[in-house]
Amino acid sequence: MTLDYATLDLLRQSHPAWRLLRSDHAPLVASFLQRVFIAPNVRVMAQADLAEALEDELFALRERLGADAFPKSALDYLNDWAGTEKGWLRKFYVRGSDEPHFDLTPAIEKAIAWLETLTERSFVGTESRLLTLFELLKQMSAGSETDPRMRIAELHKRRDEIDAEIARVLSGDIPLLDGTALKDRFQQFIQLARELLTDFREVENNFRRLDRRVRERVALWDGPKGALLQEIMGERDAIADSDQGRSFRAFWDFLMSSSRQEELSALLERVLTLPPISELKPDARTRRVHYDWLEAGEHTQRTVAQLSQQLRRFLDDQAWLENRRIMDILHGIEAKALALRESPPPGEVMNIADTAADIELPMERPLYTSAIKPLIADIELESGDAEVDAAALYSQVVIDKEQLDRHIRHALQDRSQITLRELCEMHPLRQGLAELVAYLQLASDAFKSVVDEEVVETIVWSREGSDGREYAKQARLPRVIFVR
């Protein structure tokens with residue numbers, strides 16, 4: 001984007017981030033929202049909790065700056081910040097609750113991130129950025145090379161470099177990063193990690209703008225419904241297939257891998273124990289930053305699903321209104337017909353274009369079929385001595401959900417997550433499909449779980465048949481992951 005005078009003047013008048021920087025209350029707004037939303041990675045907060053936190057902040061500032069520093073109440077400030085004139089917060093109602101909720105807008109998050117760059121840093125590293133630029137250029141160059149000989153030559157070159165490094169390590173020459181290089185790379189990692197969390201809120205806001213445009217289009221549409229659905233789904237697919245949509249989907253697939261999450265946890269645990277990194281006193285949330293990414297991504301996915309559900313309900317409402325209009329027209333026709341029954345107008349009232357009679361041939365009718373008379377034998381009933389096992393009439397299958405709950409909690413004590421298939425391999429199913437359904441119910445009610453629909457897993461168990469033999473049964477379902 002070209003930063004000419006007209007563009008900057010328009011941004012100064014309309015952009016919420018610029019309005020925040022020009023506001024007299026910018027220190028209060030930026031510091032409070034950064035402490036409440038960005039630092040703890042909170043996506044949605046109820047009005048009562050947010051107003052209480054702001055009231056405590058205002059009380060502390062009035063004690064220091066005077067009683068007239070901020071005259072309005074906390075709720076008035078929140079409503080003012082969420083108004084269309086400022087647009088710093090998004091005020092909305094979540095499903096199943098009549099209490100308003102608040103969330104940051106992407107523009108304000110960008111403004112707060114820019115304010116963080118204005119503070120003086122004790123250490124400014126440039127080496128890791130230069131190495132990152134070189135690595136990106138190498139990836140783009142190698143990834144776009146179509147000549148197989150060039151690709152093979154590049155791979156041989158990388159293999160020679162790796163072999164030479166292995167030889168140096170075996171000879172005792174182990175190159176290590178010094179403290180400056182470690183601090184440089186760690187600062188760049190922290191910056192990129194925060195930018196990722198900011199990108200999630202912007203992606204969610206893009207989907208919300210799409211939903212708003214679709215609602216406006218449905219409300220003003222006067223053509224056939226099929227053309228409307230085709231246009232809506234085409235725009236939805238265009239966003240999903242865009243560069244931003246494909247990048248977000250690739251990032252989500254990479255993050256959903258359990259092996260990648262374990263690898264990230266191990267790497268963070270090792271890096272944070274290094275003495276040069278410990279001197280920087282990193283935030284405690286850095287140890288679980290990948291779980292913050294996962295939580296933010298899940299919130300974005302839930303928002304997209306909720307928007308799709310609201311769109312379906314909106315279309316159903318439109319269909320109901322259309323059906324009601326048709327019924328009103330039919331009732332009007334009936335009323336006019338009843339009015340014409342007593343005093344019909346002269347001449348023809350209506351014409352029928354074509355008439356047809358239903359012809360039923362006599363030979364097409366079925367012939368008479370006599371009813372079958374039951375034969376009743378005159379036999380005296382005698383009591384027998386046959387012994388019948390009645391246990392099958394009273395046998396019931398009872399699933400011990402508390403035991404299944406203990407299995408899940410015991411498995412999550414030494415790991416951050418476990419799939420349903422791994423859990424069934426550790427504790428084989430004894431009651432078959434009923435026990436598997438009980439696991440799925442616990443995943444949705446009692447535990448935090450994630451369903452990866454891209455991967456289909458097979459769960460196998462054995463059941464004893466009526467003949468006493470063991471039979472293997474299996475169920476195929478999307479991967480279910482229990483998360484600690």
Side-chain angles (χ1 to χ4, degrees), residues 10-119 194 197-198 200-209 211-212 215 283-285 292 295-296 298-300 302-303 306-307 310:
L10 180 63
L11 290 176
R12 184 182 64 86
Q13 299 176 11
S14 60
H15 201 278
W18 203 312
R19 285 199 295 264
L20 172 64
L21 299 178
R22 293 173 52 199
S23 173
D24 295 336
H25 295 166
L28 168 65
V29 179
S31 61
F32 175 73
L33 297 182
Q34 195 274 340
R35 179 176 61 85
V36 174
F37 284 100
I38 297 179
N41 190 31
V42 174
R43 294 282 156 174
V44 177
M45 182 173 288
Q47 176 177 279
D49 298 335
L50 189 60
E52 182 180 0
L54 181 57
E55 195 65 52
D56 295 339
E57 182 82 8
L58 294 176
F59 178 79
L61 292 176
R62 289 165 184 160
E63 289 289 327
R64 187 176 59 183
L65 303 177
D68 299 333
F70 299 99
K72 294 194 297 185
S73 64
L75 187 58
D76 292 337
Y77 279 117
L78 291 178
N79 292 328
D80 184 29
W81 297 348
T84 56
E85 183 179 353
K86 292 183 171 60
W88 300 337
L89 290 175
R90 185 175 70 93
K91 184 178 181 180
F92 60 99
Y93 290 88
V94 299
R95 185 178 180 182
S97 175
D98 56 353
E99 182 182 8
H101 286 66
F102 290 88
D103 187 15
L104 276 184
T105 58
I108 299 308
E109 191 168 6
K110 289 181 180 179
I112 296 176
W114 180 77
L115 289 174
E116 291 179 351
T117 61
L118 298 181
T119 59
R194 292 177 179 175
L197 291 176
T198 305
F200 276 118
R201 187 172 269 114
E202 187 171 359
V203 171
E204 179 183 346
N205 187 64
N206 290 340
F207 278 107
R208 193 171 289 110
R209 285 205 303 266
D211 174 73
R212 188 181 300 112
R215 288 173 180 270
D283 190 2
R285 297 186 62 87
D292 290 342
E295 183 179 354
E298 287 179 355
H299 188 270
T300 302
R302 286 195 299 268
T303 300
Q306 184 179 0
L307 293 179
Q310 292 175 356

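This one's a predicted model, so the numbers in the text were calculated from it and none came from an experiment.
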Are [X] and [Y] side-chain neighbours, meaning at least one heavy-atom pair lies under 4.5 Å?
X: Ile38; Y: Glu109; value: yes
X: Tyr77; Y: Val29; value: no
X: Phe59; Y: Glu63; value: yes
X: Val42; Y: Met45; value: yes
X: Leu54; Y: Leu50; value: no

Full working for side chain to side chain contact (heavy atoms under 4.5 Å, CB included) between Phe92 and Val44: CA-CA 10 Å; Phe92 60 99; Val44 177; 3.8 Å; yes
Under the ring pair (Phe, Tyr, Trp, His ring centres under 6.0 Å) test, residues paired with Phe70 that sit two or more places apart: His25
Which heavy-atom pair separates [X] from [Y] by the least distance, and what is that distance?
X: Leu65; Y: Ala69; answer: CB-CB, 3.9 Å
X: Lys72; Y: Leu58; answer: O-CD1, 4.2 Å
X: Ala17; Y: Ala107; answer: CB-O, 3.5 Å

With Leu89, the side chain to side chain contact (heavy atoms under 4.5 Å, CB included) member among Leu78, Thr105, Asp103, Ile108: Leu78
What is the distance from atom [atom1] of [X] to atom [atom2] of [Y], rounded to the nearest 0.5 Å?
X: Leu20; Y: Trp114; atom1: CG; atom2: CH2; result: 10.5 Å
X: Asp56; Y: Leu61; atom1: CG; atom2: CG; result: 11.0 Å
X: Ser23; Y: Trp18; atom1: OG; atom2: CH2; result: 15.0 Å
X: His101; Y: Asp49; atom1: NE2; atom2: CG; result: 8.0 Å

Look only at the side chain of [X] and the backbone of [Y], and say whether a donor-acceptor pair between them is shorter than 3.5 Å.
X: Ser31; Y: Pro27; value: yes
X: Trp81; Y: Gly87; value: no
X: Glu99; Y: Ala48; value: yes
X: Arg62; Y: Asp68; value: no
X: Asn79; Y: Leu75; value: yes
X: His15; Y: Gln13; value: no
X: Arg22; Y: Arg12; value: yes

Derivation of the side chain to side chain contact (heavy atoms under 4.5 Å, CB included) call for Gln47 and Lys91: CA-CA 9 Å; Gln47 176 177 279; Lys91 184 178 181 180; 3.8 Å; yes
Partners meeting salt bridge (charged side-chain N to carboxylate O under 4.0 Å, His left out) with Lys86 (sequence neighbours left out): Asp80
Test: Arg35 cationic atom under 6.0 Å from Phe32 six-membered ring centre, within 45° of axis: no
